[in-house]
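Worksheet for the structure shown next.
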2 protein chains.
Amino acid sequence: MRPSKRDEIVHKALQIFYENGFHATAMDTLVAKTGISKTSMYNHFKSKEDLIIAALRLRDEQFHEWFNKRIKELGTTPRSQLLAIFDALKEWFAQNEFSGCMFIKASSEYLDFNSPIHEISSDHKRSILNDINLLAEKAGAKDAKKLSCGLFLLMEGAISMAHLMHGTHSATEAKASARVLIAEALDDK
Amino acid sequence: MRPSKRDEIVHKALQIFYENGFHATAMDTLVAKTGISKTSMYNHFKSKEDLIIAALRLRDEQFHEWFNKRIKELGTTPRSQLLAIFDALKEWFAQNEFSGCMFIKASSEYLDFNSPIHEISSDHKRSILNDINLLAEKAGAKDAKKLSCGLFLLMEGAISMAHLMHGTHSATEAKASARVLIAEALDDK
DNA sequence: TAATTTGTGTACCGATCAGTATTTAAACTA
DNA sequence: TAGTTTAAATACTGATCGGTACACAAATTA
């Protein structure tokens with residue numbers, strides 16, 4: 001098995017699903033836009049849902065890598081890194097390919113809670129929350145769980161609104177509120 | 001024109017779109033589940049998109065009415081009403097028909113920024129933010145815009161996460177952070 | 001009662017959907 | 001070089017999609 005072909009399919013499908021939606025992207029569209037034959041696709045994935053799942057797993061990897069790397073680049077201390085979350089978000093929102101959170105979109109289209117698509121999406125969010133929680137603990141928050149939940153919800157709200165309102169504004173607003181939450185969790189004696 | 005039939009179609013379509021998704025709900029499904037003939041539907045709406053738009057407008061009305069009413073019932077002062085937002089959300093999340101925000105789902109499926117569906121969704125969110133902002137002003141926040149934006153983002157994050165994680169937890173967490181933001185905006189001299 | 005509007009049932013349209021069969025060719029492996 | 005795996009092109013399947021045509025029934029209006 002040559003893994004490169006499979007990877008090529010997943011990478012290209014991910015991009016097309018992201019900008020077009022899942023139901024709205026037909027397998028024929030994928031064939032037309034990628035130049036890869038349908039036979040090859042069904043050789044590597046037994047169904048469209050399987051391909052979607054693979055794309056979501058790739059996205060999960062990509063996002064985690066980018067998120068944690070960028071936060072560490074934008075902030076030097078755990079505390080500044082907590083705030084840097086929102087600088088990283090702003091950069092993301094500013095990209096013209098930005099089109100919201102892939103997992104929110106996936107779970108919006110596949111509403112069955114038992115669907116693996118829904119499961120992957122919630123797992124993804126849980127692990128992002130976990131990343132933030134580790135940062136909050138390292139920063140010495142008096143209630144790391146409370147702080148990380150607050151920052152996480154601000155982040156999620158900002159992502160949704162950046163998509164809907166089509167701008168980077170929500171990142172700035174989220175950062176302002178994040179500053180308040182961080183100050184309360186770290187400054188108070 | 002008898003308006004009752006049109007209303008019946010919109011009300012029933014709203015519910016079905018909400019629990020099944022937009023692309024995933026075929027017009028034939030609507031016919032089967034409502035018992036209303038397809039001819040009648042296309043008599044009142046010139047396309048599926050038109051019906052979706054009507055359903056979203058109804059949802060906007062319904063949500064606003066419920067939201068503002070429930071906040072006023074759950075809180076006596078502007079300040080307690082700001083906090084009551086999250087009690088209202090918790091009630092919403094606890095309903096077993098709850099399946100996330102209809103407008104987030106709509107804009108997740110119809111990704112074209114120029115689509116009227118996208119427009120209705122962003123208008124809806126803007127007016128919710130406006131409702132919160134009015135409350136923040138009445139409460140005497142030193143920076144009402146900042147406070148209302150923060151609470152709004154917490155609310156949006158909580159809605160998304162309640163859907164993904166399938167629980168009411170996010171409302172409680174959002175409320176805890178909201179308390180911090182409200183205290184900072186109202187208590188500090 | 002006569003005319004008009006509105007809803008229904010049914011059958012249909014061309015397009016498109018996810019997925020498959022078949023054949024042929026190219027590329028890797030032995 | 002022979003054999004095996006993988007990709008490709010093409011054409012197809014049955015189901016379903018959004019939307020329409022048509023004939024008929026019920027209710028409203030005049």
Side-chain angles (χ1 to χ4, degrees), chain A residues 1-57 105-106 108-112 114-118 120, chain B residues 1-57 105-106 108-112 114-118 120:
Chain A
M1 187 184 6
R2 270 163 287 175
S4 61
K5 192 68 185 184
R6 195 192 137 102
D7 281 3
E8 186 194 352
I9 296 173
V10 182
H11 275 82
K12 288 183 174 175
L14 169 58
Q15 189 194 335
I16 296 169
F17 281 136
Y18 181 62
E19 56 188 40
N20 278 42
F22 298 95
H23 283 102
T25 301
M27 292 302 286
D28 291 318
T29 308
L30 247 39
V31 170
K33 289 202 177 188
T34 63
I36 298 166
S37 76
K38 210 193 272 196
T39 322
S40 295
M41 291 184 179
Y42 279 97
N43 222 358
H44 288 283
F45 304 95
K46 71 173 207 285
S47 67
K48 183 185 181 181
E49 183 173 320
D50 252 44
L51 176 53
I52 291 174
I53 287 169
L56 288 175
R57 285 198 215 282
K105 297 201 285 186
S108 292
E109 292 207 42
Y110 299 90
L111 293 167
D112 180 12
N114 301 324
S115 159
I117 293 174
H118 215 97
I120 290 174
Chain B
M1 189 185 2
R2 271 164 285 175
S4 62
K5 193 69 185 185
R6 194 191 138 104
D7 281 3
E8 186 193 350
I9 296 172
V10 182
H11 275 83
K12 289 183 173 174
L14 169 58
Q15 189 193 334
I16 297 169
F17 282 137
Y18 181 62
E19 56 188 39
N20 278 41
F22 298 94
H23 283 103
T25 302
M27 292 304 285
D28 291 318
T29 308
L30 246 38
V31 170
K33 289 202 176 189
T34 64
I36 299 166
S37 74
K38 210 193 272 195
T39 321
S40 294
M41 292 185 178
Y42 281 97
N43 221 358
H44 288 284
F45 305 94
K46 71 172 207 284
S47 67
K48 184 184 182 183
E49 183 173 320
D50 252 43
L51 177 53
I52 291 174
I53 288 169
L56 289 175
R57 286 198 214 281
K105 298 201 285 187
S108 291
E109 293 207 42
Y110 299 90
L111 294 168
D112 180 11
N114 301 323
S115 158
I117 293 176
H118 216 97
I120 289 174

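Reminder, nothing fancy here: chain letters follow the sequence lines and each chain counts from 1.
Contact annotation: B/Asn43 side-chain N/O to C/dT6 OP1/OP2 distance is not under 4.0 Å. For the pair A/Ser37 and D/dA8, the criterion of a side-chain N or O lying under 4.0 Å from OP1 or OP2 is met.
Spacing between atom NZ of A/Lys12 and atom P of D/dA7 amounts to 13 Å, rounded to whole angstrom units. Residue A/His44 contributes atom NE2, which lies 12 Å from atom C1' of D/dA8 at whole-angstrom precision. Distance B/Lys5 NZ to D/dT28 P: 13 Å, rounded to the nearest Å. We find that CZ of B/Phe45 is positioned 11 Å from P of C/dG7, with the value rounded to whole Å. The distance from atom CD1 of B/Ile36 to atom P of D/dA26 is 19 Å, rounded to the nearest whole Å. The distance between atom CD of A/Glu8 and atom C1' of D/dT6, rounded to the nearest whole Å, is 13 Å.
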Under 4.0 Å protein heavy-atom contact, by nucleotide of nucleotides 17-23 of chain C - B base, S sugar-phosphate only: SBBBB--
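Looking at heavy atoms from C-beta onward, A/Thr34 lies out of side-chain contact with A/Ile9 at the 4.5 angstrom threshold.
For B/Tyr18, the side chain to side chain contact (heavy atoms under 4.5 Å, CB included) criterion is met by B/Arg59, B/Trp92, B/Phe98, B/Ser99, B/Met102, B/Lys105, not counting sequence neighbours. Residues that satisfy the side chain to side chain donor-acceptor pair (under 3.5 Å) test with A/Ser40, not counting sequence neighbours, are A/Ser37.
With hydrogens and angles disregarded, no donor-acceptor distance shorter than 3.5 Å links the side chain of B/Glu109 to the backbone of B/Gly21. Panel note: side chain A/Thr29, backbone A/Thr25; no donor-acceptor pair is recorded below 3.5 Å.
By the 30° and 60° cut-offs, the orientation of the rings of B/Phe22 relative to B/Tyr110 is perpendicular.
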